[in-house]
Protein chains: 2
Amino acid sequence: MTEQSGSGRITANDVARLAGVSRSAVSRAFTPGAYVSRDTRAKVERAADLLGYRPDMLARSLTTSRTFLVGVITTHLDNPFYATLLQRLIEEIQRAGMAAVTFIADETSNDERISQLLSYRVDALVLTNTSLSSKMSVRCARGDTPVIAINRYLEVDNIVSVTCDNELASAAIGKLFVKKGRRRIAYMAGEPDTSSSRDRERGFRAGLSELGATLHSSAVGNYSHDGGVRAARELLSSSVRPDAIFCANDLMALATVDVARKDFGLDVPGDLMVAGFDNSDAAAWATYRLTSVDQNIPGMVRSAVEEIEAAVVERGRMRRRVLIPPTLVERESTGGPKSIDEPKYGS
Amino acid sequence: MTEQSGSGRITANDVARLAGVSRSAVSRAFTPGAYVSRDTRAKVERAADLLGYRPDMLARSLTTSRTFLVGVITTHLDNPFYATLLQRLIEEIQRAGMAAVTFIADETSNDERISQLLSYRVDALVLTNTSLSSKMSVRCARGDTPVIAINRYLEVDNIVSVTCDNELASAAIGKLFVKKGRRRIAYMAGEPDTSSSRDRERGFRAGLSELGATLHSSAVGNYSHDGGVRAARELLSSSVRPDAIFCANDLMALATVDVARKDFGLDVPGDLMVAGFDNSDAAAWATYRLTSVDQNIPGMVRSAVEEIEAAVVERGRMRRRVLIPPTLVERESTGGPKSIDEPKYGS
DNA sequence: TCACTTTCTGCACACGAGTGCAGTATTAGG
DNA sequence: CCTAATACTGCACTCGTGTGCAGAAAGTGA
């Protein structure tokens, strides 16, 4: 019998032997657009799925320099926003016929991770809420590895960054508070050194001042629930308590609602309006009904993967910035949706 | 100048040339336990990090058949439990010096995904809340690819399954309800055809009957928040309303609390006790203070990766089942923790 | 100094596939 | 029936690294 050789692995040679053709023919049968007769292709395909053969990606990548692997570096997934983002990103990557090699960012060992990913010759690198050291940026550029940053804007060459329009959305929330008659308006920041938190604060302030209002107070919640609890207590303990708080993400906003009700006996939105960012699932829960900003994750992810595909084809493209338009979702935590004919922000 | 050749990629040849040694020497310098003199190793290392060289994993894997890649197939990450599980799993994998290639399960295209992963020669395959068709099971066994199933028990040969002791934990909750004086006790199932939901129901019933109680009613919530809302409405609309509900996960339990309060004006735990499963972050939030079962994700993940490492060394090991002991976390949704001297369940 | 061991080094082949090139089978045209 | 074009096919080289083997260098003892 012409069986495969000893080892469990089935190679193109085994298929070739069984099909009675050369190994090149097998290779060509699996390469779209290569010179193979209908006849041989049929023989090869029959033999192949008789043996359960599939070309070895590793070996293939060695000659083609295409691995169909995308390196993804993301943060802790406690925050449901990152979890959903990662999920959609992976789905989009696999839809494009590639596979995602995922690492959780570790602050200290980040460079090591990237270097590791490069040693797998990933076709592209996606950073989610993560920065890139200039050293690694150079390494990526040298190896022609395109880098896409989602949700963080990096001032580095040869890198595409995809973010939602944080300033625009935050301004809309600022204006919403003012229109609803609030005057003691506070901001709860995320991690202070991230572009997202800074942009949201800047936009929020701009929105307020556009309608003649100004920021009453602010605190830092570090994007976490616990941090949000502490920051909310801090803000609400003030002698002149705020009557509206914009939190830089939902996790902190939900914490703020909890604290307002449980610790301070406040009514939301009566005594305190709260708005968040991310439009996470929990924002829609009956207990919270939280007004939030939908960053349009599917849109972000689609852009990111499109950038990857473009970059793989035309190597060495320019740095770019992609801005995804977000959507304001109004719920009861700010007094519910406006009347039906009032226009959305933006245009 | 002895620079690297045209392309951006730096190979062992470039390093060899710069260090003035043979390419084999470079290879050995990067292979722990190989025959190299202190002197050559030093020269190679110096040259290597001058050029920023790192062995190409693809080429290396081609000869060693070790890729240090672990294939991970997981479900949608809307459920925070899976998100945390995935995060910890990836972290543990990277701590072990490997990298995770992650796919989101797609029901229909699952076999295709696994086949794709096998074509990357992953060292092992981890399935999270996913089944394995018998066809793929055979393929994995043939290629000597160890398969580890987390949180689902599969009746297939050559596969290790790691789950928490669902029956034990669920029984504990059943007994807790009875001890707290409840008699109209209901169960909310997850996805009916999963081993986890079935095991939890079986354990729960066993716990009840152990103390002479019996199940009052049940409904199916499919492990989702929306499903939980529907199931809770169904259970609570009954003419004889339950006074305690055990939900097969936290997402449904939180939904149940929301529905009980908002739609039925019930007090939790006064009118209705609720318990969940997973001990997700939200369970600890002030609004819910939900009693839940901690599955010990770090423990599960550690076992899983240990199994991988063991399986990579001694190929072709037996099917095994690993049972992780869970912890009951009592909070206000069942009336708060017991008095201090009462023993935990188990032993 | 010689024989022998020990410690390394480099050659050459292997891993599994893609692919340019030259050669062969097939067909068309005359 | 002959020639030339066409459609394939297979050889052999390549990708970047690991590794057995044989030979060189260095050390050891007599």
Side-chain angles (χ1 to χ4, degrees), chain A residues 4-44 47-48 51-69 118-123 143-144, chain B residues 4-44 47-48 51-69 118-123 143-144:
Chain A
Q4 71 268 27
S5 45
S7 148
R9 186 143 200 99
I10 289 153
T11 75
N13 265 317
D14 302 317
V15 178
R17 203 159 27 228
L18 179 60
V21 297
S22 81
R23 199 188 51 72
S24 320
V26 177
S27 173
R28 292 198 170 94
F30 279 90
T31 308
Y35 248 140
V36 222
S37 69
R38 272 229 154 309
D39 188 43
T40 356
R41 157 161 282 133
K43 280 194 290 187
V44 169
L51 296 175
Y53 169 77
R54 174 158 190 159
D56 186 320
M57 277 305 286
L58 263 56
R60 167 176 276 186
S61 303
L62 202 55
T63 58
T64 60
S65 334
R66 275 279 273 144
T67 54
F68 294 91
L69 288 176
L118 291 179
S119 84
Y120 282 106
R121 294 210 206 184
V122 291
D123 286 344
D144 256 345
Chain B
Q4 71 268 25
S5 46
S7 149
R9 186 143 200 100
I10 289 154
T11 76
N13 264 317
D14 303 317
V15 178
R17 200 156 33 220
L18 179 59
V21 298
S22 80
R23 198 189 50 72
S24 319
V26 177
S27 172
R28 285 194 248 266
F30 280 91
T31 309
Y35 250 140
V36 223
S37 69
R38 272 228 154 309
D39 187 41
T40 343
R41 157 161 281 134
K43 281 194 288 185
V44 169
L51 294 175
Y53 169 77
R54 174 158 191 161
D56 186 322
M57 277 305 286
L58 263 55
R60 166 176 276 185
S61 303
L62 202 54
T63 60
T64 59
S65 331
R66 276 279 272 147
T67 55
F68 294 90
L69 287 177
L118 290 179
S119 84
Y120 282 107
R121 294 212 206 181
V122 291
D123 286 344
D144 256 343

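Computed from a predicted model, the values in this text were never measured in an experiment. Just so we're on the same page: letters track the sequence lines, and every chain starts at 1.
Whole-Å rounding puts the D14(A) CG to dG16(C) P distance at 9 Å. Atom CZ in R17(B) sits roughly 12 Å away from atom P in dG16(D) (whole-Å rounding). Spacing between atom OH of Y35(B) and atom P of dG23(D) amounts to 18 Å, rounded to whole angstrom units. In this structure, CG of D56(B) is placed 8 Å from C1' of dT17(D), rounded to the nearest angstrom. Atom CZ in R60(A) sits about 13 Å away from atom C1' in dT19(C), given to the nearest Å. When the C1' atom of dC15(C) is taken as reference, atom CG of N13(A) falls 11 Å away, rounded to whole Å. Rounding to whole angstrom units, CG of residue D39(B) and P of dA25(D) are separated by 16 Å. If you take CG of L62(B) and C1' of dC15(C), they are 4 Å apart, rounded to a whole angstrom.
In this structure, Y53(B) reaches the dT17(D) phosphate: one of its side-chain N or O atoms is under 4.0 Å from OP1 or OP2. Of the side-chain N and O atoms in T64(A), none sit less than 4.0 angstrom from OP1 or OP2 of dA17(C). Taking only side-chain nitrogens and oxygens, S22(A) comes nearer than 4.0 Å to OP1 or OP2 of dG10(D). The side chain of S27(B) contributes an N or O atom lying less than 4.0 Å from OP1 or OP2 of dG18(D). For dC15(D), neither phosphate oxygen OP1 nor OP2 lies less than 4.0 angstrom from any side-chain nitrogen or oxygen of S61(A). Note on S24(A): every side-chain N or O is 4.0 Å or more away from OP1 and OP2 of dT19(C).
Annotation for D123(A) and S65(A): closest pair OD1-O, 4.1 Å, computed over non-hydrogen atoms. The minimum heavy-atom distance linking A19(B) with A47(B) is given by the pair CB-CB, 3.8 Å.
For R28(A) and dG10(D), a side-chain-to-base donor-acceptor distance below 3.5 Å is present, hydrogens and geometry of angles not being considered.
Among the atoms of the strands shown, only primed sugar atoms or phosphate atoms (P, OP1, OP2) are found under 4.0 Å from some heavy atom of R121(B). Residue contacts shown for V26(B) are absent, as no nucleic acid heavy atom lies under 4.0 Å away.
Note: D56(B) CG to R9(B) CZ = 4.5 Å, rounded to the nearest 0.5 Å. Atom OH of Y120(B) is separated from atom OG of S61(B) by 12.5 Å, given to the nearest 0.5 angstrom. Atoms CZ and CZ, from R121(B) and F68(B) in turn, are 13.5 Å apart once rounded to the nearest 0.5 Å. Put simply, NZ on K43(A) and CG on L18(A) are 11.0 Å apart, with the number rounded to the nearest 0.5 Å. Note that CG of L69(A) and CG of L58(B) are 7.5 Å apart. Values are rounded to the nearest 0.5 Å.
Annotation: the terminal axes of the helix from dT1(C)-dA30(D) to dG30(C)-dC1(D) meet at 40°, where each axis is the rotation carrying the C1' atoms of four end pairs onto the next four (5 pairs per end, rounded to 10°).
Nearer to the 5' terminus of DNA chain D, by closest-nucleotide assignment, is the contact made by R23(A) (compared with the other of R23(A) and F30(B)). Each of A59(B) and T40(B) was matched to the nucleotide of DNA chain C holding its nearest heavy atom; the match closer to the 5' end belongs to T40(B).
Between the side chain of Y35(B) and the backbone N or O of R28(B), no donor-acceptor pair lies under 3.5 Å.
Side-chain atoms of T31(B) lie closest to dT19(D) of the nucleotides dT14(D), dT19(D), dT9(D).
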